[in-house]
Undergrad: 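The structure follows.
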Amino acid sequence: EPLIELFVILIQSGVDLAFHVFGSRVLEKLLCILKQKILSRNSKEENAVENGEKLLISLKEMKQLFQGDAKQVGGGEKEKASGWGWVELMSDSKASHVIREFIECLVDTTDKSTLTTKQQKKIPVHSVISLQKQLWEVFLSIVDDILHPLRSVKRKKQLENGAIHPHFSPALQLILKSLHAIKAHKFIQIGHQNTMKELQERSTTLLAGILEQTASNVNHSLMKHRVASHYLEIAIPLFTDDQYYELYTSQFRGKLLALAQHKMANFVVQKMISSVRSGPQAGLITVELMEHLEELIRSRPGIVAS
């Protein structure tokens, strides 16, 4: 509880704290501790659910504070009256770390099912599910705000170029992983499946929209970019079969050697190979690479050979 009280005091001091060189580190560390002590499934806290509900209230307040006030501008578009919003926070060298830790409090990207739902602590499963549902709702509302169609051309361009931004890109990567985690989460009980169905459908739709835009913009420049290549490593395994096949035929087929020899694109090639969707497709990739295996290994010492 003292940690939650400290968290409340900090967020009430204003969003400027997230942009501050030291304030951002305090917020980031505190969120990390709260996540591990209260929200983690391995939490040892006796009052985990009660404290989780208290923390949820504070996280919602933080979300409202960080979201800023939207105002109508010309043409019916919405902009932030304060001059900042999620895009600005995620693009800042200091605030971006806070936002990523914040998102990780809302969505556990490592948890795949409710099979191990804190039963050893005799906490009612419905309490855990209720808290999880509310945390997911906060996260999805953030993504809705980021992707809101009534945005200025400038903001849309920021989103389109987000994959190459050194601070925004890691946040986008986490958003992709979080949306996929919600979409793929397996609930054992029918009641829990019904409770979470609407949120999982929302997550599926939001993820599909981001991936569609990503798939249409993939090129060799992005694969070779030191930041964007990491984003593609997250996105490629999440593509639909059709998107994956189109990407392979347009960007990889016949070009695997050159890409595999590049210090950045090489890792994208590895992810593409590990995400292959069919045996025949794997055969085509293997044959193309095996023809140049000696050259691939010999030409670039120190680079992992795909």
Side-chain angles (χ1 to χ4, degrees), residues 100 107 109-113 147 159-166 168-186 200 203-306:
R100 273 141 54 192
V107 183
T109 57
T110 63
D111 188 28
K112 298 298 186 296
S113 74
L147 302 179
L159 284 172
E160 290 175 4
N161 296 330
I164 66 174
H165 194 285
F168 194 9
S169 183
L172 284 178
Q173 294 170 40
L174 182 56
I175 286 174
L176 283 180
K177 290 193 288 187
S178 299
L179 288 171
H180 177 69
I182 295 175
K183 170 189 173 182
H185 195 102
K186 304 298 183 184
Q200 290 188 297
S203 181
T204 300
T205 301
L206 289 168
L207 180 61
I210 297 175
L211 291 176
E212 182 178 359
Q213 180 176 322
T214 299
S216 65
N217 292 327
V218 175
N219 54 50
H220 289 180
S221 294
L222 287 180
M223 295 182 201
K224 296 176 180 179
H225 193 278
R226 66 181 183 84
V227 176
S229 60
H230 295 302
Y231 176 82
L232 292 178
E233 287 180 58
I234 300 298
I236 286 175
L238 305 181
F239 283 161
T240 65
D241 290 351
D242 288 343
Q243 289 170 336
Y244 179 93
Y245 181 74
E246 173 61 29
L247 177 66
Y248 168 68
T249 55
S250 65
Q251 300 295 328
F252 289 99
R253 189 165 62 185
K255 310 174 185 74
L256 284 176
L257 176 62
L259 291 170
Q261 289 177 316
H262 190 272
K263 61 182 180 180
M264 295 300 175
N266 151 64
F267 294 101
V268 181
V269 172
Q270 292 182 57
K271 189 60 67 173
M272 186 273 296
I273 294 173
S274 66
S275 305
V276 71
R277 308 303 167 88
S278 68
Q281 202 170 58
L284 290 173
I285 294 170
T286 302
V287 168
E288 183 176 341
L289 280 177
M290 289 300 291
E291 290 177 352
H292 307 284
L293 186 59
E294 289 187 12
E295 182 181 356
L296 178 63
I297 295 174
R298 183 177 62 251
S299 62
R300 299 283 302 200
I303 289 184
V304 178
S306 295

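Along the sequence shown, residues carry numbers from 1.
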Undergrad: Give the minimum heavy-atom separation between Ser250 and Lys255, together with the two atoms involved.
TA: O-NZ, 3.6 Å
Undergrad: Is Gln213 atom CD crowded by more than 12 heavy atoms from other residues, nucleotides or ligands, each under 6.0 Å away?
TA: yes
Undergrad: Heavy atoms only: give me the nearest Val227-His165 pair and the separation to one decimal.
TA: CG1-O, 3.4 Å
Undergrad: I'd like to know whether Glu212 forms a side-chain contact (heavy atoms from CB on, under 4.5 Å) with Gln243, so could you lay out the CA-CA distance, the side-chain angles of the two residues, the decisive distance to 0.1 Å, and finally the verdict.
TA: CA-CA 8 Å; Glu212 182 178 359; Gln243 289 170 336; 4.1 Å; yes
Undergrad: If the condition is side chain to side chain contact (heavy atoms under 4.5 Å, CB included), which residues does Thr249 pass it with, not counting sequence neighbours?
TA: Tyr245, Glu246, Arg253
Undergrad: At their closest point, which heavy atom of Leu259 faces which heavy atom of Lys224, and how far apart are they?
TA: CD2-CE, 4.2 Å
Undergrad: Between Glu295 and His292 (side chain of the first, backbone of the second, donor and acceptor by atom type, cut-off under 3.5 Å), is there such a pair?
TA: no
Undergrad: For residues 169-182, which side-chain donor-acceptor pairs fall under 3.5 Å, sequence neighbours excluded?
TA:
from   : atom 1 : to     : atom 2 : distance (Å)
Ser169 : OG     : Ala163 : O      : 2.9
Ser169 : OG     : Gln173 : NE2    : 3.1
Ser178 : OG     : Leu174 : O      : 2.8

Undergrad: What I'd like to find out is whether the side chain of His220 reaches to under 4.5 Å of the side chain of Gln251, using heavy atoms alone.
TA: yes
Undergrad: How far apart are the closest heavy atoms of Lys183 and Leu207, and which atoms are they?
TA: CD-CD2, 4.1 Å
Undergrad: Is there side-chain contact between Tyr244 and Met272, with at least one heavy-atom pair below 4.5 Å?
TA: yes
Undergrad: Do Gln200 side-chain atoms and Ala184 backbone N/O form a donor-acceptor pair below 3.5 Å?
TA: no
Undergrad: Taking atom CG of Leu222 and atom OG1 of Thr214, what is their separation to the nearest 0.5 Å?
TA: 9.5 Å
